[in-house]
Amino acid sequence: MRKSLTSAERLKSKADFALVFNNAGVKSACRGAKLVARKNSFEINRFAVTLVRKFGNAVQRNYARRVLKEIYRNTKQDLPTGYDIIVVLYSGDYNYHEREQQFTKLIRRAGIAKTDS
RNA sequence: AAGACGGGCCGGGUUGCCGCUGGUUUAAACCAGAGGAAAGUCCGGGCUCCGCAGGGGAUGAUGCCGGGUAACUCCCGGGCGCUAUUUCGGUUUGUACCGAGACAGUGACAGCCAGUGCCGCAGAAAAUAUACCGCCAUUUAAAUAUGGUAAGGGUGAAAUGGUGAGGUAAGAGCUCACCGGGCCGACCGGUAACGGCGGUUGCAAGGUAAACCUCAUCAGGAGCAAGGUUAAGCAGCGGAUAGGUUCCCCGCCUGUUAUCCGCGGGUAAAUCGCUGAUGAUUUUUCCGGUAACGGGAAAACCAGAUAGAUGGUAACCGUAAACAGAACUCGGCUUACAGGCCCGUCUUUUUU
RNA sequence: GGCGCCGUACCCAAGCGGUUAAGGGAGUGGAUUGCAAAUCCAUGAUUCAGCGGUUCGAGUCCGCUCGGCGCCU
């Protein structure tokens with residue numbers, strides 16, 4: 001599986017976001033981040049990152065978004081397919097490795113990790 | 001060499017792997033991919049629309065002079081004022097004061113001789129004229145009273161030019177010398193602001209226009225979520241005769257199969273604008289100009305996203321990098337900024 | 001991205017450039033009560049969001065910065 005993140009694998013419209021937030025089947029949270037997901041009707045996962053309103057300036061927001069997209073790209077082969085996943089990030093100074101620990105914790109608590117791995 | 005101040009520039013680099021956006025394109029592959037402030041949105045343009053932009057008013061902005069520019073509250077050059085430092089000259093016993101010059105910084109720098117308003121407290125008196133203490137004269141034994149007086153004290157941010165001499169009962173530009181003002185000049189220099197020179201005037205009147213205001217100049221309004229096209233979807237009802245030019249009036253334009261207003265209903269998607277390009281563009285260079293800048297030549301085309309593209313990781317250098325992310329676009333201003341480089345001025349130390 | 005509004009004590013707020021910045025609620029202390037409530041009395045701005053400027057003097061006028069809020073399709 002390629003470690004890509006094409007535009008078909010991303011949530012885009014405002015309607016998609018509203019659907020996930022209003023019909024969230026899976027939720028989990030930890031310090032600094034929160035995960036919301038629901039089953040979709042496709043063969044693939046779709047992913048998006050969003051940030052709370054008071055998250056720093058534009059550079060900090062873009063950096064946090066990139067880091068989460070990178071983590072998802074590197075770990076998505078370990079996830080089962082058929083989910084729309086949104087990660088909400090809260091304000092805080094976290095580097096790549098800390099964000100990676102947060103993401104694996106969220107996936108484990110949400111119960112959508114593959115059981116064999 | 002170090003430090004301080006001022007000005008200008010740079011703003012991590014190279015390689016591999018995994019990824020993102022755009023272009024060429026069958027695909028693969030290749031190429032390109034955030035800033036000096038992209039920021040604040042404080043000014044000024046381009047561009048688009050408003051059934052046209054005409055006039056007057058209101059409102060707002062600007063405000064020494066000349067130039068630059070598409071334009072500007074910007075930039076360049078000059079003038080004047082103020083402040084600090086310093087030099088020279090004068091006065092004085094003297095800390096000091098006055099005048100002239102140099103260099104640096106700085107100034108929302110038109111007009112309170114059009115009119116109006118305001119100047120609390122303190123002070124006798126605050127813009128109108130005026131005597132609290134004091135001084136002098138007359139009166140009285142004295143107290144006191146009347147008059148003269150702005151030199152001294154005191155108040156204040158500000159008190160009717162300053163210093164010295166004469167003068168006087170005591171005083172006062174009352175008179176004189178020097179300095180500082182005001183006014184005039186058909187004079188000289190300068191495009192001008194202004195400066196110089198000469199004459200004249202004893203100098204009856206302060207500050208505030210980032211107070212109203214006056215004068216001059218400039219502004220139609222809204223903003224790419226402007227605006228155009230396509231697709232999907234829905235349900236009409238009530239009211240007005242006028243509506244439009246986005247503050248008002250005139251003028252102008254449109255109109256009764258019309259237009260507008262209010263309530264209600266529907267959509268929340270794509271595409272153009274949008275950047276692959278001919279531009280106030282970028283780089284190099286020549287010429288003119290004190291400079292801002294203008295003119296020419298050659299080469300180049302250099303982000304274009306829409307949940308919103310530059311990251312992660314490994315290695316090396318390293319302070320294992322500050323402030324910080326384009327959203328139609330350009331010129332400025334302002335604010336933030338680790339570290340490094342260059343130039344100029346001043347100070348200190350060392351060497352010759 | 002663009003356009004606009006606001007900031008005065010813990011909260012709501014008034015404030016013509018001029019003492020020591022109104023008022024209400026809450027709080028605190030006291031009085032009252034057997035104890036409370038209610039009532040009465042007293043009480044607080046070291047810097048009017050911050051910095052700079054104009055002025056003799058700024059909460060007020062002007063500029064910049066910070067923070068908060070609203071609108072657009």
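Values in this document were obtained by computation on a predicted structure and should not be read as measured data. Residue numbers start from 1 in every chain, and the chains themselves are labelled A, B, ... in the order their sequence lines are given, proteins ahead of strands.
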Spacing of the P atoms in rC76(B) and rA108(B) (rounded, Å): 15 Å
Using the ring of each side chain (for Trp, its six-membered ring), is F47(A) parallel, tilted or perpendicular to Y72(A), with breaks at 30° and 60°? parallel
Are any of the side-chain nitrogens in R99(A) or E70(A) under 4.0 Å away from the carboxylate oxygens of its partner? no
OP1 or OP2 of rG308(B) sitting under 4.0 Å from any side-chain N/O of K69(A)? yes
Got a donor-acceptor pair under 3.5 Å from the side chain of R99(A) to the base of rG312(B)? no
Looking at every strand, decide which applies to I71(A) at a 4.0 Å heavy-atom threshold: base, sugar-phosphate, or nothing. nothing
R10(A) side chain N/O closer than 4.0 Å to the phosphate oxygens (OP1, OP2) of rU21(B)? yes
Can you tell me how far C1' in rU73(C) sits from the matching atom in rU306(B), rounded to whole Å? 15 Å
For R65(A) and rG312(B), what is the distance between atoms CZ and P respectively, to the nearest whole Å? 15 Å
Which distance, rounded to the nearest 0.5 Å, do you find between the CD1 of I85(A) and the CZ of R38(A)? 12.5 Å
Want to settle it: does L51(A) or H97(A) sit nearer the 5' end of RNA chain B, counting the closest nucleotide to each? L51(A)
Taking the P atom in each of rG55(B) and rA219(B), what is the distance between them to the nearest angstrom? 11 Å
Return yes if some donor-acceptor pair links the side-chain N/O of N57(A) with the main-chain N/O of Q60(A) below 3.5 Å, else return no. yes
Phosphate OP1/OP2 of rG312(B) contacted by Y63(A) side-chain N/O (<4.0 Å): yes
Relative to its sugar, using the 90° cut-off around 0, the base of rG36(B) is syn
Would you classify rC16(C) as syn or anti? Syn applies when the glycosidic angle is within 90° of 0. syn
Nearest to the E70(A) side chain among rG325(B), rC20(B), rC18(B), which nucleotide is it? rC18(B)
Qualifying residue for side chain to side chain contact (heavy atoms under 4.5 Å, CB included) with V49(A), from L68(A), I86(A), V67(A): L68(A)
I'd like the C1' distance from rC74(B) over to rA280(B), given in whole Å. 15 Å
Between rA4(B) and rG16(B), how many Å separate the two C1' atoms, rounded to a whole number? 48 Å
Please state the C1' separation for the pair rG223(B) and rG44(B) - nearest whole angstrom. 16 Å
Is there a stack between F17(A) and rA307(B), judged by ring centres under 5.5 Å and planes under 30°? yes
Check the chi torsion on rA143(B) and let me know: syn if it falls within 90° of 0, anti if not. anti
For the pair made of CG in D16(A) and C1' in rA269(B), what is the distance, rounded to whole Å? 13 Å
Nearest heavy atom decides the nucleotide; on that basis, is F47(A) or N62(A) closer to the 5' end of RNA chain B? F47(A)
When syn is taken as a glycosidic angle within 90 degrees of 0, is rA34(B) syn or anti? syn
Let me know the distance between CG of L89(A) and C1' of rG311(B), rounded to the nearest Å. 15 Å
Whole-Å distance separating the CG atom of L11(A) from the C1' atom of rU306(B): 15 Å
rA39(B) versus rC323(B) - spacing of their C1' atoms, nearest Å: 10 Å
Given the P atoms of rG4(C) and rG262(B), what is the spacing between them in whole Å? 23 Å
When you check the phosphate oxygens OP1 and OP2 of rG312(B), does a side-chain N or O of R73(A) lie under 4.0 Å from one of them? no
